[in-house]
Amino acid sequence: MKGSDQLVDMALLYMSLSFLCIGGTIPLIPDMHRFFVDTRGLMTTTEFAGYIALAQVAPGPNILYIALFGYHVAGIAGALTALGAISFVPFVLMVIVTKMFARLQANPWREIVLRGLAPVTVGLMFAGCMLLFRGMPDWRAWVLAAVAFFVFMFTKLHPLWMIGVGALTGVVLGM
C-alpha cells in the first residue's frame with residue numbers, strides 16, 4: 001500500500017472513530033488496535049501498547065498516542081493527518097451541540113442525555129483497558145496492574161507515584 005493510501009485510510013479511520021470520542025480517545029483503543037495491528041499489520045501489539053504508555057507518561061494531552069501511531073505509519077505527515085482527522089469531527093460537533101444545549105437549558109432531556117453518556121464512557125474505557133492487558137508481556141505485569149488497581153481504588157495516592165513505581169519495577173525486573 002502506498003504512503004498516500006495509508007494516509008487516506010488513517011484519516012478515514014480517525015474521522016469515523018471521532019464520532020465515538022465520548023470522554024476522550026481511550027475508548028477508541030480496541031478499534032485502533034484492530035486497524036493498526038490486526039487488519040493492516042502496521043505494528044505489533046507490544047508497539048501499540050508502548051505508544052499508548054509513552055503518551056500517557058509524557059506531559060500534555062493523552063491524545064498524543066494517536067500522533068505516535070500516525071508517525072509510525074507515515075512520519076510527520078502521518079502524525080499531522082491522524083491528529084487533524086481525529087480532531088475535526090469532534091470540533092464541529094462541539095460547536096453544534098454547545099449551541100443546541102444552550103437553547104435547551106431548561107429541558108429535562110438535557111440532563112438525562114448527560115447522565116446516560118457516563119456509563120457508555122466507562123464501558124468503552126474498560127474495553128480499551130482490557131485490550132491493552134492482552135499486550136502485557138508476562139504474569140508480573142498482571143500482578144503490577146492488579147496492585148496499581150487496588151492502590152488507586154483504596155488510597156488517595158497520586159497517580160504519578162504509581163507510574164514511577166511501575167517504571168522502576170519494570171526496569172528492575174527487566175520487563
Side-chain angles (χ1 to χ4, degrees), residues 1 3 6-7 9-11 13-18 20-87 90 118-175:
M1 185 179 288
Q6 287 179 333
L7 288 175
D9 276 356
M10 200 168 34
L13 167 79
Y14 282 128
M15 287 183 78
S16 63
L17 287 180
S18 66
L20 302 173
C21 284
I22 301 169
T25 58
I26 295 293
L28 306 178
I29 288 174
D31 289 312
M32 286 185 275
H33 183 272
R34 195 173 301 113
F35 178 86
F36 288 106
V37 179
D38 296 339
T39 61
R40 301 293 194 289
L42 297 170
M43 63 182 74
T44 66
T45 297
T46 304
E47 289 173 325
F48 183 87
Y51 287 136
I52 293 173
L54 178 63
Q56 295 298 312
V57 299
N62 290 338
I63 198 172
L64 291 177
Y65 65 89
I66 289 175
L68 292 172
F69 293 162
Y71 186 80
H72 180 89
V73 171
I76 297 292
L80 294 174
T81 299
L83 284 176
I86 197 75
S87 301
V120 171
T121 302
V122 171
L124 288 170
M125 290 178 78
F126 182 73
C129 290
M130 292 310 296
L131 182 110
L132 290 176
F133 275 134
R134 288 194 323 190
M136 288 191 169
D138 61 22
W139 65 271
R140 296 174 297 181
W142 283 90
V143 170
L144 188 60
V147 168
F149 172 79
F150 285 107
V151 167
F152 287 135
M153 288 299 295
F154 301 110
T155 71
K156 293 187 185 256
L157 192 63
H158 195 280
L160 287 177
W161 286 107
M162 287 307 297
I163 291 170
V165 168
L168 184 62
T169 303
V171 168
V172 169
L173 297 178
M175 295 173 29

Can you give me the closest heavy-atom contact between [X] and [Y], atom names plus distance?
| X | Y | result |
| --- | --- | --- |
| Thr25 | Met32 | O-CE, 3.9 Å |
| Ala85 | Met15 | O-CG, 3.5 Å |
| Ser18 | Ile86 | CB-O, 3.5 Å |
| Gly70 | Ala82 | CA-CB, 4.2 Å |
| Ile29 | Tyr65 | CG1-OH, 4.0 Å |

So, taking the atom named [atom1] in [X] and the one named [atom2] in [Y], what distance separates them when rounded to the nearest 0.5 Å?
| X | Y | atom1 | atom2 | answer |
| --- | --- | --- | --- | --- |
| His33 | Thr39 | NE2 | OG1 | 10.5 Å |
| Ile26 | Ile63 | CD1 | CD1 | 10.0 Å |
| His72 | Tyr51 | NE2 | OH | 4.5 Å |
| Phe152 | Leu157 | CZ | CG | 7.0 Å |
| Ile66 | Met10 | CD1 | CE | 10.5 Å |

Donor-acceptor contact present, side-chain Ser16 to main-chain Leu13, <3.5 Å:
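Such a contact is found between Ser16 side chain and Leu13 backbone.
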Tyr71 atom OH, neighbour heavy-atom count above 12 within 6.0 Å:
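Not buried by this count: 12 neighbours or fewer within 6.0 Å.
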Apply side chain to side chain contact (heavy atoms under 4.5 Å, CB included) to the pair Val73 and Arg40, showing each step before the final yes or no.
CA-CA 11 Å; Val73 171; Arg40 301 293 194 289; over 6 Å; no
Side chain to side chain, Asp31 and Arg34, heavy atoms closer than 4.5 Å
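Asp31 reaches Arg34 side chain to side chain.
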Ring centroids only, cut at 6.0 angstrom: are Phe48 and Phe69 within range, meaning strictly under it?
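Ring-ring flag for Phe48/Phe69: true, centres closer than 6.0 Å.
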side-chain hydrogen bond (donor to acceptor under 3.5 Å, both in side chains) between Thr81 and Tyr14, intermediate numbers included
CA-CA 9 Å; Thr81 299; Tyr14 282 128; over 6 Å; no
